[in-house]
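Everything quoted here is computed from the prediction, not taken from an experiment.
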Amino acid sequence: METVIDRARELAIARHADQRYGPHPYEYHLAAVESVLRRYHVRDAELLSAAWLHDVVEDCGTGIGEIEMRFGERVASLVWAVTDSPGPNRRARKAATHLKIRCTPGAAVLKAADRIANCEESGKLGMYRREHPEFRRVLVAGGAPAVMLGHLDALLT
């Protein structure tokens with residue numbers, strides 16, 4: 001029997017079909033985000049579904065309305081919260097996105113998992129280190145678990 005997580009995985013893989021995450025198909029990153037959530041004992045099907053879908057609006061032009069129609073209001077809300085807001089530069093985009101993360105229950109956990117997955121696999125540690133103090137404040141305000149924050153701190157120090 002197909003679950004909501006399976007449906008989210010299928011849509012995400014289809015939408016990210018031509019994208020790469022370094023040498024890997026993009027689904028590699030999406031699976032890593034789900035894996036990080038599971039490592040921290042997240043079993044919430046909507047949050048795990050959002051792990052697969054967290055980049056489809058930003059990277060693939062998928063409308064948030066489609067996510068809501070297919071997966072419900074909560075999954076759409078989580079995806080919307082972690083999708084970069086428009087802005088003239090990275091700093092402005094992140095500031096607007098951070099506000100959404102702080103105000104959306106569960107979004108800080110999802111974003112923490114995304115950043116952990118990126119830090120464990122990516123070469124962008126310098127950028128993430130520079131952003132970490134403010135990013136960490138956002139995650140704390142949004143309710144990210146201390147154990148996830150501690151791991152992220154260890155990756156970035």
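Considering all non-hydrogen atoms of both residues, A12 and V56 come closest at CA-CG1, 4.1 Å. Listed here is the closest heavy atom pair of A112 and A144: CB-CB, 4.4 Å. Contact detail for G106 and L78: the closest heavy-atom pair is C-CD2, 3.5 Å.
Residues forming a salt bridge (Lys or Arg N to Asp or Glu O under 4.0 Å) with D6 (at least two apart in sequence, or on another chain): R9. Taking P105 as the reference, nothing meets the side-chain contact (heavy atoms from CB on, under 4.5 Å) condition, with sequence neighbours excluded. For R129, the side-chain contact (heavy atoms from CB on, under 4.5 Å) partners are L125, L156, not counting sequence neighbours. Shown here are the side-chain contact (heavy atoms from CB on, under 4.5 Å) partners of E68, two or more places apart in sequence or in another chain: E73, A76. Not a single side-chain hydrogen bond (donor to acceptor under 3.5 Å, both in side chains) links S35 to another residue, sequence neighbours left out. By the side-chain contact (heavy atoms from CB on, under 4.5 Å) test, R70 pairs with L11, R15, E66, sequence neighbours left out.
You'll find the side chain of D114 stays beyond 4.5 Å of the side chain of V82, heavy atoms only. Contact of the Y26 side chain with the D59 side chain is registered, since non-hydrogen atoms from C-beta on lie closer than 4.5 Å. Residues V4 and F71 meet the side-chain proximity criterion, which asks for heavy atoms closer than 4.5 Å. Counting heavy atoms from C-beta outward, R115 and E131 have side chains that approach closer than 4.5 Å. Residues L110 and V33 form a side-chain contact, since some pair of their non-hydrogen atoms from C-beta on lies under 4.5 Å apart. Within the 4.5 Å cutoff, the side chain of K111 has heavy atoms near those of the F135 side chain. In this structure, the side chains of I116 and Y40 come closer than 4.5 Å at one or more pairs of heavy atoms. With contacts defined as side-chain heavy-atom distances shorter than 4.5 Å, the pair V79/D55 does not qualify.
Although no hydrogens or angles enter the test, the distance criterion places a donor-acceptor pair under 3.5 Å between the side chain of T97 and the main chain of S85. In terms of modelled atom types and a separation under 3.5 Å, the side chain of H151 and the main chain of M148 share no donor-acceptor contact.
For the atom pair SG (C60) and CG (D18), the distance works out to 9.5 Å, reported to the nearest 0.5 Å. In this structure, D84 CG and K100 NZ are separated by 7.5 Å, a value rounded to the nearest 0.5 Å. Annotation: the span from L48 atom CG to R38 atom CZ amounts to 4.5 Å, rounded to 0.5 Å. Between the CD atom in E120 and the CG atom in L152 there is a gap of 9.5 Å [rounded to 0.5 Å]. Between atom CZ of residue R136 and atom CG of residue L149 there is a gap of 5.0 Å, rounded to the nearest 0.5 Å. Note that NZ of K94 and CZ of R90 are 4.5 Å apart. Values are rounded to the nearest 0.5 Å.
Within 6.0 Å of CZ on R91 lie no more than 12 heavy atoms contributed by other residues, nucleotides or ligands. Counting non-hydrogen atoms of neighbouring residues, nucleotides and ligands closer than 6.0 angstrom, the CG atom of N89 exceeds 12 such neighbours.
Checked by atom type, the side-chain pair E27/Y21 shows no donor-acceptor distance below 3.5 Å.
Note: the hydrophobic cluster containing L47 also contains I64 (ILVMFWY, side chain heavy atoms under 4.5 Å, direct or indirect links). Following chains of ILVMFWY side-chain contacts shorter than 4.5 Å, one cannot reach V57 starting from L99, and the two form parts of different hydrophobic clusters.
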Exercise for the section: Test H29 against R20 for side-chain contact (heavy atoms from CB on, under 4.5 Å), laying out the working first. Expected result: CA-CA 9 Å; H29 168 64; R20 307 289 296 169; over 6 Å; no

Exercise for the section: In sequence, state the C-alpha distance, the side-chain angles, and the governing distance for L139 and R102, and then conclude on side-chain contact (heavy atoms from CB on, under 4.5 Å). Expected result: CA-CA 7 Å; L139 295 180; R102 284 193 303 266; over 6 Å; no

Exercise for the section: Under the salt bridge (charged side-chain N to carboxylate O under 4.0 Å, His left out) rule, what do R74 and D44 come out as? Steps first, then yes or no, please. Expected result: CA-CA 11 Å; R74 180 159 178 256; D44 178 324; 2.7 Å; yes

Handout entry: Verdict with reasoning, R7 to E10, per salt bridge (charged side-chain N to carboxylate O under 4.0 Å, His left out)
Key = CA-CA 5 Å; R7 290 187 301 108; E10 289 169 12; over 6 Å; no

